[in-house]
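Here is the structure we will look at.
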Amino acid sequence: MTEFFQSLGMTYEWAFFVASIAGILLIALPLMLAVAMIIYVDRKVLGAVMMRRGPNVVGPFGLLQSFADGLKVFLQETIIPSAANKGLFLIAPIIMFTVALAAWAVMPFSETLVLSDINVGLLYVLAISSLGVYGVVISGWASNSKYPFFSAMRAAAQMISYEVSIGFILVCVVLWAGTFNMNGIIEAQRGHGFGVINAYVFNPLIFPLWVMFFISALAETARAPFDLTEAESELVAGFQTEYSSMSFALFWLGEYANILLMCMLNAILFWGGWLPPFDWEPLYAVPGIVWILLKTFVFFLMFSWIWATVPRYRYDQLMRLGWKVFLPLSLVFVALTSGWLVLVEWA
Amino acid sequence: MIQTFAFYLFAMLVIASGAMTILARNPVHSVLWLILAFFNAAGLMVIVGAEFIAMLLVIVYVGAVAVLFLFVVMMLNIDFAELRAGFIKNAPLGVAIAVILLAELVLGIGAYRAGVMELGTPLGDAAPLPGQSNIENIGLLLYGEYLFLFEVAGIILLVAMIGAIVLTHRKRPDNTRGHQNISKQVARRPQDATELKKPTIGQGVDIGGGEL
């Protein structure tokens, strides 16, 4: 895109700058639209599982429900509790939302459709997603109210616990791929399974990692059954309790953007990203962006299916799963994976 | 042009947030300013081309250390009046440390002005290999040239970790409230917990003297 703006007579630096801004808008705006639609899908799936209709009034099939909600929230009054720490109270949702968007900078939508194809892409995603906890913690503290504070403490403990095991799982994937670059990881999966399947997941050393990653992703995004940060039966609405209007909506949007991010990471790391499922020539005729969005959507459906099916964990169970099950298991798999790779190289 | 601008932006923000870390009245605000300082330091690392270090800085310091720090500071119930009372008492110590730091700073600038010290050229393997990424260079150095030092650092960290666990661990007597027997909970089935009865009208149900 830089070349295009250069051809309009800009210097390289300005062309790069303008191209970056244009790229950011080209990702962020469709992403917001996707978030709005995915909230609708989520509610529709939940409705279907509960044998009711779900949103069906606004627009055809209720398709415009999210936009109506957005409009409603936009017109509401922003209430700031008098005991709240005003500055931090307002900054917290902005942090949450910005961080949720920032991670998309390195996500490859196809071989060439990526805003910044950096060497440390996966590390960048890990770094940015570890910032997500600040929005929750700050909002909980700044609200100066007990339920949000409980929720903030829970969120901090939960996200740190699961980030550790996610880190080790990513180490295994990176060991197989030999690179931190997102496109490199996808490229390494070409024909990985039996020479025809473009995915890591059918490798017996990786399949358990994918299962752990999927569950950790649920915990990391605080989705059911790990939604203890906003467990409505215990904590009212968790860290969002004191929020209203747009500041509430920013939490909502950020949360769903994070969920989509995790679904797409699933697709990229284990299911071959923008590669078609099989290494078969006619399938490459379909553009890569279709494959990756399709995979992401399937994972999102799994997220909402789990939301509708599984009851919520107890907090001690959540911590036990993170520290006593996933952490040792993922460590063992780091040793196994690196051992196997060294063995293969040596033999 | 953009590099210079970005450098001054990040550098200024590091200094400003560093200053605010000390100046902020509220300890939670202090920690948040510290986090901003870390973040901008990572930005500076990116500018000098050390993107791997930058990411590690964000993951380790911002993502883990600072979160725990914030966690602890938020839980503390800090009495500001008491803090201010302690100021006078600790002032002599503070002044002494400030004088030492100032002396070091002056000495450092003096030594820098006197000329560059010859540290010797790096060993053959230690020189960065051209055309390889940050990660590859660091990996080759850490796991090649400096493997022994790296392993020793790892062992020291392990010892520190075990020490911390030993210091804070207290053995809980069994059957205390809140103790969970996970295997027992998992092994529990619906038929252990519930029983279907068909009571005749007016009779009620004999639940027996057994466990509920």
Side-chain angles (χ1 to χ4, degrees), chain A residues 11-14 16-17 20 85 87-88 91-92 95 99 102 106 116 118-134 136-138 140-142 149 152-157 159-161 163-164 166-167 170 174 178-181 184 314-317 319-321 324-325, chain B residues 1-6 24-29 31-36 38-39 42-43 45-46 49-77 132-139 143 178-183 185-186:
Chain A
T11 62
Y12 176 75
E13 279 172 351
W14 274 110
F16 180 75
F17 186 69
S20 303
N85 197 317
L88 290 179
I91 285 177
I95 293 178
V99 164
V106 295
S116 67
I118 56 175
N119 273 333
V120 286
L122 194 54
L123 276 180
Y124 173 82
V125 172
L126 201 63
I128 293 296
S129 72
S130 71
L131 294 180
V133 67
Y134 281 111
V136 179
V137 171
I138 292 173
W141 184 79
F149 191 66
M153 294 291 116
R154 282 183 175 190
M159 290 192 179
I160 291 173
S161 310
E163 224 144 68
V164 180
I166 284 190
L170 295 189
V174 167
T179 175
F180 275 107
N181 179 291
R314 231 170 36 214
Y315 199 70
D316 67 292
Q317 290 172 327
M319 282 294 145
R320 178 177 169 275
L321 188 69
K324 293 186 176 172
V325 180
Chain B
M1 205 273 288
I2 284 180
Q3 285 98 325
T4 325
F5 175 73
R25 286 287 173 90
N26 192 325
V28 174
H29 291 185
V31 178
L32 293 175
W33 283 113
L34 184 69
I35 292 162
L36 191 62
F38 281 145
F39 208 70
M45 295 283 184
V46 169
E51 74 265 9
F52 182 64
I53 303 284
M55 290 306 145
L56 282 196
L57 193 69
V58 175
I59 293 173
V60 175
Y61 281 94
V62 182
V65 175
V67 172
L68 294 177
F69 214 59
L70 194 64
F71 205 84
V72 173
V73 171
M74 279 180 177
M75 305 262 257
L76 291 177
N77 202 356
Q132 274 187 321
S133 73
N134 252 291
I135 307 167
E136 283 161 339
N137 270 318
I138 290 175
Y143 297 101
H179 179 78
Q180 309 279 350
N181 188 344
I182 299 294
S183 52
Q185 293 175 3
V186 172

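Remember, it's a predicted structure, so these values are computed and weren't measured experimentally.
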Can you see which heavy atom on S130(A) is nearest to which on G63(B), and at what distance?
OG-CA, 3.5 Å
Classify the ring geometry between F180(A) and F52(B) as parallel (under 30°), tilted (30 to 60°) or perpendicular (over 60°).
tilted
How many angstroms lie between [atom1] in [X] and [atom2] in [Y], if you round to the nearest 0.5 Å?
| X | Y | atom1 | atom2 | answer |
| --- | --- | --- | --- | --- |
| I59(B) | Y124(A) | CD1 | OH | 12.0 Å |
| L32(B) | I138(A) | CG | CD1 | 4.5 Å |
| L126(A) | M55(B) | CG | CE | 10.5 Å |
| D316(A) | Q185(B) | CG | CD | 7.0 Å |

Quick check on A66(B) against chain A: is it the side chain, the backbone, both or neither that has a heavy atom closer than 4.5 Å?
both
Surrounding [atom1] of [X] (heavy atoms of other residues, nucleotides or ligands, distance under 6.0 Å), is the total greater than 12?
| X | atom1 | value |
| --- | --- | --- |
| F71(B) | CZ | yes |
| F17(A) | CZ | no |
| F39(B) | CZ | no |

Against chain A, work out which of V62(B), V60(B), L57(B) has the most heavy-atom pairs shorter than 4.5 Å and name it.
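It is V62(B).
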When heavy-atom pairs shorter than 4.5 Å are enumerated against chain A, which of L68(B), V58(B), L56(B), V67(B) gives the highest number?
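Option with the top pair count is V67(B).
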Which atoms of I160(A) are under 4.5 Å from chain B, going by heavy atoms: the side chain, the backbone, both sets, or neither?
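Contact with chain B involves the side chain of I160(A) alone.
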Going through the distances and angles, do Y134(A) and L70(B) end up as a side-chain contact (heavy atoms from CB on, under 4.5 Å)?
CA-CA 9 Å; Y134(A) 281 111; L70(B) 194 64; 3.9 Å; yes
If you count heavy-atom pairs under 4.5 Å with chain B, which of L131(A), V164(A), V133(A) comes out on top?
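Winner by heavy-atom pair count: L131(A).
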